[in-house]
Amino acid sequence: MIHVDFESGHLQGDAVLHSERRLEDLVGLFADEAARESMDGKTLAYRVEMHEAEKEGVEGGLFFGTSHVMPGKVGDEYFMTKGHLHAKVHCAEYYWGLSGTGWLLLMDENRNTRYEPVSRGSLHYIPGGIAHRLVNVGEEPLSVGACWPSDAGHDYGSIATDGFSARVLDQGSGPVLIQD
Ligand code: MN
């Protein structure tokens with residue numbers, strides 16, 4: 001038995017996995033590393049719940065989950081997820097907005113980065129080969145549902161090394177996409 005709360009995306013039942021990332025887990029992610037270091041490392045940046053219907057890597061299966069990105073900034077940069085490509089690079093994914101206000105950053109293989117605004121009811125198809133990252137540009141938690149192939153896997157490496165080609169900063173008048 002598994003239950004999803006359509007308001008919050010909260011999953012309840014068997015085979016629900018939880019993970020979280022705190023600022024201390026995100027060394028080097030934000031442009032202003034000194035600002036990150038000066039903050040409480042235990043501050044929650046985001047957490048993920050997922051229903052593990054299959055073992056990771058099973059071909060033809062699906063995973064279903066919810067990501068919650070907390071509101072906040074490191075320096076002038078909004079809290080965000082690490083972002084990733086899929087290990088099986090052709091695998092696609094759906095995201096949908098549940099609550100809060102965010103930007104979904106999408107970067108193609110030529111390192112062109114664009115964004116789609118995320119809010120309750122917005123639906124986002126992320127084709128294969130597109131790196132994706134959620135950014136909370138609002139003042140409430142950003143909750144986003146997701147469904148992706150169980151054999152997609154995650155490739156964080158290239159993003160950890162090279163980052164995205166643009167960052168979402170608040171330079172005094174709200175979020176703007178700034179080329180890195
Ligand atoms: Mn993904």
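Atoms within each ligand, like the ligands themselves, are counted from 1 in listed order.
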N/O/S atom of C91 under 2.8 Å from the Mn ion (ligand 1), yes or no? no
Look up atom CZ in R22 and atom CE in M39, then write down how far apart they are to the nearest 0.5 Å. 13.0 Å
How wide is the angle at the Mn ion (ligand 1) between NE2 in H132 and NE2 in H84, to the nearest 10°? 80°
Below 30° counts as parallel, above 60° as perpendicular, anything between as tilted: where do the rings of F64 and W96 land? tilted
With respect to the Mn ion (ligand 1), please indicate if H154 possesses an N, O or S atom at a distance under 2.8 Å. no
min-distance N/O/S atom, E93 vs the Mn ion (ligand 1), resolves to OE1
Partners of Y115 by ring pair (Phe, Tyr, Trp, His ring centres under 6.0 Å), sequence neighbours excluded? W103
Mind checking whether F79 and F30 have parallel, tilted or perpendicular rings, split at 30° and 60°? tilted
